[in-house]
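Before any comments, here is the structure.
Please read these numbers as outputs of a predicted model, since none were measured by experiment. Read the numbers this way: they start at 1 and go in the same order the structure lists the ligands and their atoms.
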Amino acid sequence: MPLAPTLTIDGPGGSGKGTVGRRVAHELGWHFLDSGALYRLLALAAINHGIELEDVARLAPLATQLDVRFVATGGEEDGIILLENHDVTDAIRTETIGNAASVVASNGVVRAALLDRQRGFCQAPGLVADGRDMGTVVFPRAEVKVFITASAWVRAERRYKQLKEKGLDVNLAAVLADIEARDERDRNRPVAPLVPAADATIIDTSSMSVAQVVHDVLKIVASQVSQR
Ligand code: DC
């Protein structure tokens with residue numbers, strides 16, 4: 001049983017779940033777990049140490065011992081992420097690391113090695129856990145579960161805008177192809193595939209603003225946590 005009330009937010013990349021999760025956590029005053037960041041950090045650590053992304057014998061101990069610190073900067077900001085005492089906050093957000101994360105995340109032994117670390121985030125007064133398998137595997141008994149999705153096309157447009165704003169030279173068709181390839185790998189892997197938990201509320205954000213989604217999720221939390 002989780003130690004504190006838990007809201008799981010699962011869904012594909014680019015659905016807006018990270019932004020929504022952070023805002024909801026801020027509104028509730030709860031902790032926030034960005035589990036995707038852990039897979040990204042593991043992928044970056046593997047690359048830095050010259051470990052192949054499929055080399056489970058070396059990846060699993062790396063996952064258990066990963067020297068990571070999430071330093072909150074206040075508000076609903078992402079905060080700073082330190083890997084082996086280096087600031088990797090931006091370095092883990094590239095498409096290359098996102099794809100590498102998806103590869104390391106497809107391995108069950110690697111996923112198991114990250115379980116305890118993720119569950120350790122569940123502390124009072126509550127936790128908002130963002131990922132792909134939060135409601136199905138990591139926190140199966142969470143009080144509230146939502147699954148946030150949007151069409152691949154809408155997600156590609158959002159990602160394209162973000163990358164453009166960062167000054168990167170990107171192509172919408174390539175971003176869409178990348179999103180579809182990652183979806184395919186995350187949905188069809190045998191371990192902890194990207195699927196909504198049976199008891200999750202599904203929210204399609206294709207034509208919703210972030211503020212609307214935050215509002216709806218807070219309403220769901222208020223109704224489901226107070227019923228207990
Ligand atoms: O949410 P994200 O883009 O930061 O996640 C990066 C990759 O990590 C994504 O392709 C799938 C994987 N992931 C996962 O398998 N399980 C999670 N709970 C979170 C992310």
Counting only non-hydrogen atoms and a 4.0 Å cut-off, the residues near ligand 1 are Lys17, Ser35, Gly36, Tyr39, Arg40, Ala101, Ser102, Ala105, Arg111, Gly131, Arg132, Asp133, Met134, Arg182, Asp186, Arg189

Provide the closest heavy-atom pair for [X] versus [Y] in the form atom of the first, atom of the second, distance.
X	Y	answer
Ile220	Ser223	O-OG, 3.0 Å
Val195	Thr136	O-CG2, 3.7 Å
Ala37	Ile92	CB-CD1, 4.1 Å

*Is a side-chain N or O of Arg58 found less than 3.5 angstrom from the main chain of Glu52, in a donor-acceptor match?*
no

pair Leu218-Val24: side-chain heavy atoms closer than 4.5 Å: yes

Any salt bridge between Arg155 and Asp183, counting N to O under 4.0 Å? yes

